[in-house]
Amino acid sequence: MENCEFCKIRSKAVETLTQDEVQLLQENCAEVDLVADENIIKEGSLSSHIAYLKEGLAKIHKKGVKGTDQILKIVQPGSYIGIQTVLTSKVHQYSASAVENSKVCYIDITSFKQLLSTNAAFAKELVIYLCQDELSYFNRFVNVHQKQLDGRMADTLLFFADEINKSRIFTIPLKRYDLAALICSTRESVTRALKDLSDIGTIKVNGNSFEILNYELLKKISEKG
DNA sequence: GCATTAACCACAG
DNA sequence: CTGTGGTTAATGC
């Protein structure tokens, strides 16, 4: 199982590695099974490793001023977690936790740095990865700040339907208060937004199970904010 | 002023 | 933990 060479979900960056380099990676990484709610990395703790999400789903979150966490994003398999601090800080600047049972590979930071400095193609792929990541934050920033609640709720429903589950019937493994932390709102408002959306017939809600009944309308609400 | 939006609070299941 | 109702502050006609 801990075989980088035959890993089914190798990143584009790892694809660029030579046989020897893959060997180096393999010797310095460990695969770990996590159950829902377990920490992957913790804000403020030593960043001796970076994580690569292999299976499952995770949330990236950061302490806010009021003590409550803000969820920055939900990440899928194939995501690197904690690379932002590789070259600078020795301490993680944010936390990540599994929101469902997941598999994570922890890669020793020293070997990772070594690969970065010896293999330009590897470094380039990571720059591309980080740029895409940043662009997604730009989008989210604008969306979260300019859209009203129902629009933001519609956004995340579409995200889970289209990008995570690729189905109009899906579940969201987050509590209401987590959804609130994700769309910058409160749990009460999340409840009401979901109620609004189901009252007008766009979605059907049953606990954490959702079904999109009127995709076009939901899309419109998401776009108009 | 009046309406809308969403947070905050309290309480119940 | 979640849903609901009342209250309240901010913002926009």
Side-chain angles (χ1 to χ4, degrees), chain A residues 33-45 53 55-77 81 93-104 136-225:
Chain A
D33 285 310
L34 296 171
V35 299
D37 273 350
E38 273 190 290
N39 244 214
I40 296 171
I41 62 170
K42 191 167 170 7
E43 180 175 357
S45 73
L53 187 62
E55 272 181 48
L57 212 56
K59 62 178 177 186
I60 307 297
H61 51 114
K62 187 168 171 62
K63 289 250 167 301
V65 273
K66 294 174 207 153
T68 49
D69 275 20
Q70 165 86 63
I71 297 183
L72 295 161
K73 69 167 359 180
I74 300 294
V75 296
Q76 302 195 65
I81 298 168
Q93 301 295 303
Y94 58 84
S95 296
S97 335
V99 295
E100 57 183 39
N101 296 346
S102 304
K103 282 188 200 299
V104 165
S136 79
Y137 281 115
F138 287 174
N139 284 327
R140 226 176 94 72
F141 188 86
V142 173
N143 286 340
V144 156
H145 285 282
Q146 298 199 341
K147 288 180 183 176
Q148 299 185 171
L149 196 58
D150 286 2
R152 308 205 298 268
M153 195 67 242
D155 276 351
T156 61
L157 289 169
L158 288 168
F159 170 72
F160 276 98
D162 294 342
E163 296 188 37
I164 308 272
N165 295 282
K166 307 205 186 330
S167 164
R168 292 186 185 191
I169 300 175
F170 56 95
T171 62
I172 298 181
L174 296 176
K175 304 290 188 188
R176 291 291 185 267
Y177 57 78
D178 267 340
L179 279 175
L182 179 62
I183 66 175
C184 305
S185 181
T186 60
R187 58 169 195 86
E188 295 99 319
S189 295
V190 167
T191 297
R192 286 177 178 123
L194 289 172
K195 195 168 178 298
D196 284 351
L197 293 172
S198 39
D199 282 349
I200 57 175
T202 47
I203 56 168
K204 198 165 89 182
V205 186
N206 183 7
N208 285 330
S209 302
F210 297 83
E211 179 176 356
I212 296 180
L213 302 173
N214 187 340
Y215 188 87
E216 295 310 314
L217 183 54
L218 191 61
K219 194 96 185 164
K220 200 169 287 176
I221 292 171
S222 146
E223 280 161 8
K224 291 210 171 172

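None of the values given here were measured: they were computed from a predicted structure. Chain A is the first sequence line, chain B the second, and so forth, proteins listed ahead of strands; every chain is numbered from 1.
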task: Output, in order, the C-alpha distance, side-chain angles, deciding distance and verdict of side-chain contact (heavy atoms from CB on, under 4.5 Å) for A:I164 and A:F170.
output: CA-CA 9 Å; A:I164 308 272; A:F170 56 95; over 6 Å; no

task: For the helix from B:dG1-C:dC13 to B:dG13-C:dC1, measure the angle between the helix axis at one end and the axis at the other, each built from five pairs, rounding to 10°.
output: 10°

message: Can you measure A:K175 atom NZ to C:dT2 atom C1' for me and round it to whole angstrom units?
response: 10 Å

- line: A:D150 atom CG is separated from B:dA7 atom P, nearest whole Å, by 11 Å

- request: Check if the side chain of A:E188 and the base of B:dC8 share a donor-acceptor pair of N or O atoms closer than 3.5 Å.
  value: no

- request: Give the rounded distance in Å between these two atoms: CG of A:L197 and P of B:dT5.
  value: 13 Å

statement: A:M153 CE to B:dT5 C1', in whole Å, measures 17 Å

Distance-only donor-acceptor test, A:R187 side-chain atoms vs C:dG3 base atoms, 3.5 Å: yes

query: Could you give the CZ-to-P distance, from A:R176 to B:dA7, as a whole number of Å?
result: 16 Å

- prompt: Side-chain N or O of A:S189 less than 4.0 angstrom from OP1 or OP2 on B:dA6?
  reply: no

message: When you measure from the side chain of A:N208 to the backbone of A:P173, do you find a donor-acceptor pair of N or O atoms at a distance under 3.5 Å?
response: no

- request: Please state whether the phosphate of B:dA7, meaning OP1 or OP2, lies under 4.0 angstrom from any side-chain nitrogen or oxygen of A:S185.
  value: yes

statement: Taken to the nearest 0.5 Å, the spacing of A:L149 CG from A:D196 CG works out to 8.0 Å

query: Atom CD1 of A:I172 and atom P of C:dT2: how far apart are they, to the nearest Å?
result: 12 Å

query: Looking only at side chains, do A:S222 and A:D155 share a donor and an acceptor under 3.5 Å apart?
result: yes

- request: Verify the contact: side-chain N or O of A:T191 to OP1 or OP2 of C:dT2, cut-off strictly under 4.0 Å; return yes or no.
  value: no

- request: Please answer whether the main-chain N or O of A:E43 pairs with a side-chain N or O of A:S95 as donor and acceptor at a distance below 3.5 Å.
  value: yes

- line: Between CG of A:L194 and P of B:dA6 the distance, given in whole Å, is 13 Å

query: Starting at the 5' end of DNA chain C, which residue's closest nucleotide do you reach first, A:N208 or A:R192?
result: A:N208

- request: Check whether any side-chain nitrogen or oxygen of A:Y177 sits under 4.0 Å from OP1 or OP2 of C:dC1, and answer yes or no.
  value: yes

- prompt: Taking A:R152 for the side chain and A:C184 for the main chain, is one N or O donor matched with an acceptor at less than 3.5 Å?
  reply: yes

message: Main chain of A:E100, side chain of A:S102: is a donor-acceptor contact present, judged purely on distance under 3.5 Å?
response: yes

task: Using atom NZ of A:K195 as one end and atom P of C:dG5 as the other, report the distance to the nearest whole Å.
output: 7 Å

